[in-house]
Amino acid sequence: MKPPAKSLSIVEFVVMLSMIVSIVALSTDVMLPGLDIIGHDLGVADPKDVQLIVLFLFIGFSAGQVIAGPLSDSFGRKPVVYGGYLLFFAGCLLSIFAEDFSTMLAGRILQGLGAAGPRVVTLALVRDCYEGRAMARIMSFVMAVFILVPAIAPMIGLGLIKISGWRATFVMLLFMSLIACLWFAVRQPETLPVASRRPLSVTNILSGLRQACGYPATLGYTLAAGLIFGAFLGYLSSAQQIFAVAYDVHDLFAIYFGTAALAIGAGSIVNSRLVMKLGMRPLTGWALIGVTSISVLFLIPAFAMEGVPPLWLLMIWMMITFFCMGMIFGNINALAMEPLGHLAGLGAAFVGSVTTLISLPLAWMIGASFEGGVMPLVSGFAFYGFASLLVMNITEKKRTSVESVK
């Protein structure tokens with residue numbers, strides 16, 4: 001295990017990276033309580049279209065990773081973070097001053113493009129400094145810390161909206177990203193030496209992508225991550241409507257959403273303590289089995305009660321499911337990145353971009369199927385969880401076969 005370059009303590013390293021990646025979570029969650037208000041103010045005809053405010057962020061996020069990864073391998077990690085934050089600042093300003101829905105969506109795409117740089121560099125930084133189970137442990141710590149932000153983000157957003165209107169949520173995003181950028185600039189040393197940088201060219205990019213696709217673990221775990229993240233993104237895009245429409249708890253939405261987010265954080269903490277002893281693969285497999293099993297079981301009362309089971313029962317399902325998701329997130333990304341130490345930036349871009357591209361249409365199918373109940377969401381977790389587990393099993397067989405030949 002290699003320590004992070006220079007003198008950053010492990011605590012500061014983890015907390016700083018957590019704050020950087022939490023910008024994506026903040027961008028997703030802080031305005032959730034105000035989606036209906038935003039849609040009304042900007043003249044959205046179909047209430048379900050407000051889900052695009054979440055999904056368009058991830059469209060930009062997916063495209064931005066394709067660009068950010070190769071740039072970080074060629075010019076270093078830090079310049080890409082600075083460029084990403086500049087784009088993010090511009091997207092926030094566009095959303096703050098938006099007077100129509102199209103401008104809002106343009107701002108969200110720009111925010112996603114900008115957030116991609118810091119996100120890719122975070123994965124690359126961890127891969128630059130750690131490998132194997134230690135890398136998974138660091139990623140679990142990062143997930144555990146940054147999940148506290150989205151746990152309270154809707155409550156902060158609700159307060160801002162009540163006091164100053166929904167535009168204040170984007171002002172807060174601008175302020176928080178500025179703090180993260182300054183902290184990174186002052187404290188984090190560059191982790192990619194000039195001698196290790198790859199010249200930027202189409203040939204090198206295509207060569208790197210061919211290498212990434214040649215690793216069964218990278219390809220398989222990226223696909224598995226996209227499948228299970230599709231279910232989670234479907235939850236993010238439809239959560240506000242589920243709690244507001246199906247359960248009529250408008251003002252308590254932030255509390256229920258935050259409680260579920262804390263379950264992810266708890267899963268990440270448990271994973272960080274177990275992964276060094278038990279390994280990434282067993283923990284990921286058990287967690288996927290947990291997500292699939294509990295979702296299949298929950299379909300029974302959900303169907304019997306016409307898609308609207310009691311809220312307390314829904315919360316039990318969510319707490320168990322999201323606890324398992326907290327164990328999955330750190331491990332599955334680390335498993336996909338494990339063979340890519342020699343091209344960490346491009347590898348992070350490949351893993352992140354493909355994961356998001358797979359998850360977006362899957363999430364949209366869940367959100368577009370919302371008709372006032374939770375059946376589409378629960379079915380999504382059951383089906384995508386099973387598919388992700390199936391892909392993982394196939395991947396492990398191929399990886400074992402390749403390694404035995406070598």
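Just so you know, these numbers come straight off a predicted model, no measurement behind them.
Remark: Y82 OH is packed, more than 12 non-hydrogen atoms of other residues, nucleotides or ligands lying under 6.0 Å away. Counting non-hydrogen atoms of other residues, nucleotides and ligands closer than 6.0 Å to CZ of F383 gives a total of 12 or fewer. Residue F386 places its CZ atom among 12 or fewer non-hydrogen atoms of other residues, nucleotides or ligands, all under 6.0 Å distant. Counting non-hydrogen atoms of neighbouring residues, nucleotides and ligands closer than 6.0 angstrom, the CE atom of M375 exceeds 12 such neighbours.
For the pair T218 (side chain) and A336 (backbone), a donor-acceptor distance under 3.5 Å is present. The backbone N or O of I96 sits less than 3.5 Å from a side-chain atom of R167, completing a donor-acceptor pair. A donor-acceptor contact shorter than 3.5 Å links the side chain of N331 to the backbone of M327. K78 places no side-chain N or O within 3.5 Å of a backbone atom of P189 that could act as its donor or acceptor partner. In this structure a side-chain-to-backbone donor-acceptor pair under 3.5 Å is present from S18 to V14. Remark: side-chain polar atoms of S177 are paired, donor with acceptor, to backbone N or O of L174 under 3.5 angstrom. Panel note: side chain S22, backbone M19; a donor-acceptor pair is recorded below 3.5 Å. Between the side chain of E190 and the backbone N or O of R77 there is at least one donor-acceptor pair closer than 3.5 Å.
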F350 and Q211: CA distance, side-chain angles, deciding distance, side-chain contact (heavy atoms from CB on, under 4.5 Å) verdict: CA-CA 11 Å; F350 173 80; Q211 290 182 57; over 6 Å; no
Trace of the side-chain hydrogen bond (donor to acceptor under 3.5 Å, both in side chains) decision for S74 with R197: CA-CA 5 Å; S74 298; R197 296 178 187 179; over 6 Å; no
Test side-chain contact (heavy atoms from CB on, under 4.5 Å) applied to L173 and M31, step by step: CA-CA 10 Å; L173 286 176; M31 77 290 300; 4.2 Å; yes
side-chain contact (heavy atoms from CB on, under 4.5 Å) assessment of L110 paired with L113: CA-CA 5 Å; L110 204 54; L113 284 168; 4.2 Å; yes
side-chain contact (heavy atoms from CB on, under 4.5 Å) between I37 and H40, worked out: CA-CA 5 Å; I37 301 172; H40 178 269; 5.7 Å; no
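Across every non-hydrogen atom of I289 and L389, the tightest pair is CG1-CD2, 3.6 Å. The shortest non-hydrogen separation linking A302 to V374 is CB-CG2, 4.4 Å. Of all heavy-atom pairs spanning A382 and T292, the tightest one is O-CG2, 3.7 Å. Closest approach of L32 and Q240 over heavy atoms only: O-CG, 3.1 Å. The shortest non-hydrogen separation linking Q51 to A368 is OE1-N, 4.2 Å. Contact record, L288 with G385: CD2-O, 4.3 Å, taken as the closest heavy-atom pair.
The CG atom of L233 sits 8.0 Å away from atom OG1 of T28, with the distance rounded to the nearest 0.5 Å. Atom CG of residue L158 and atom CD1 of residue I163 lie 9.5 Å apart, to the nearest 0.5 angstrom. For the atom pair D49 CG and L35 CG, the distance stands at 12.0 Å (nearest 0.5 Å). Here the SG atom belonging to C324 is positioned 12.0 Å from the CE atom belonging to M319, to the nearest 0.5 angstrom. Separation of atoms CZ (F329) and CG (N271) is listed at 12.0 Å; rounding is to 0.5 Å. One distance of note links CD of E99 with CG of D41; it measures 9.5 Å at 0.5 Å rounding.
Counting only heavy atoms from C-beta outward, the side chains of L192 and S72 never approach each other to under 4.5 Å. Taking the side chain as every heavy atom from C-beta outward, V270 and F323 approach each other to under 4.5 Å. Side-chain atoms of L26 and T169, non-hydrogen and from C-beta on, never get closer than 4.5 Å to each other. Contact check for I366 versus Y384: side-chain heavy atoms found under the 4.5 Å cut-off. Side-chain contact check for M104 versus F170: some heavy-atom pair is nearer than 4.5 Å. The closest side-chain heavy-atom distance from E396 to Y221 is below 4.5 Å. Side-chain atoms of M318 and L314, non-hydrogen and from C-beta on, do get closer than 4.5 Å to each other. The side-chain heavy atoms of F370 and I242, taken from C-beta on, include a pair separated by under 4.5 Å.
Listed by first and then second residue, the salt bridge (charged side-chain N to carboxylate O under 4.0 Å, His left out) pairs involving residues 361-385 are K48-E371 (not counting sequence neighbours). Pairs engaging residues 107-116 under the salt bridge (charged side-chain N to carboxylate O under 4.0 Å, His left out) rule: none recorded [sequence neighbours left out].
Between F257 and F253, the angle of the ring planes lies from 30° to 60°, which puts this pair in the tilted group. Between F298 and W317, the angle of the ring planes stays under 30°, which puts this pair in the parallel group of the 30/60° scheme. Between F61 and F58, the ring planes lie perpendicular to each other; the angle is over 60°, past the 30° to 60° tilted range. Between Y85 and F88, the ring planes lie perpendicular to each other; the angle is over 60°, past the 30° to 60° tilted range. A tilted orientation is assigned to the rings of F322 and F381, their planes being inclined by 30° to 60°.
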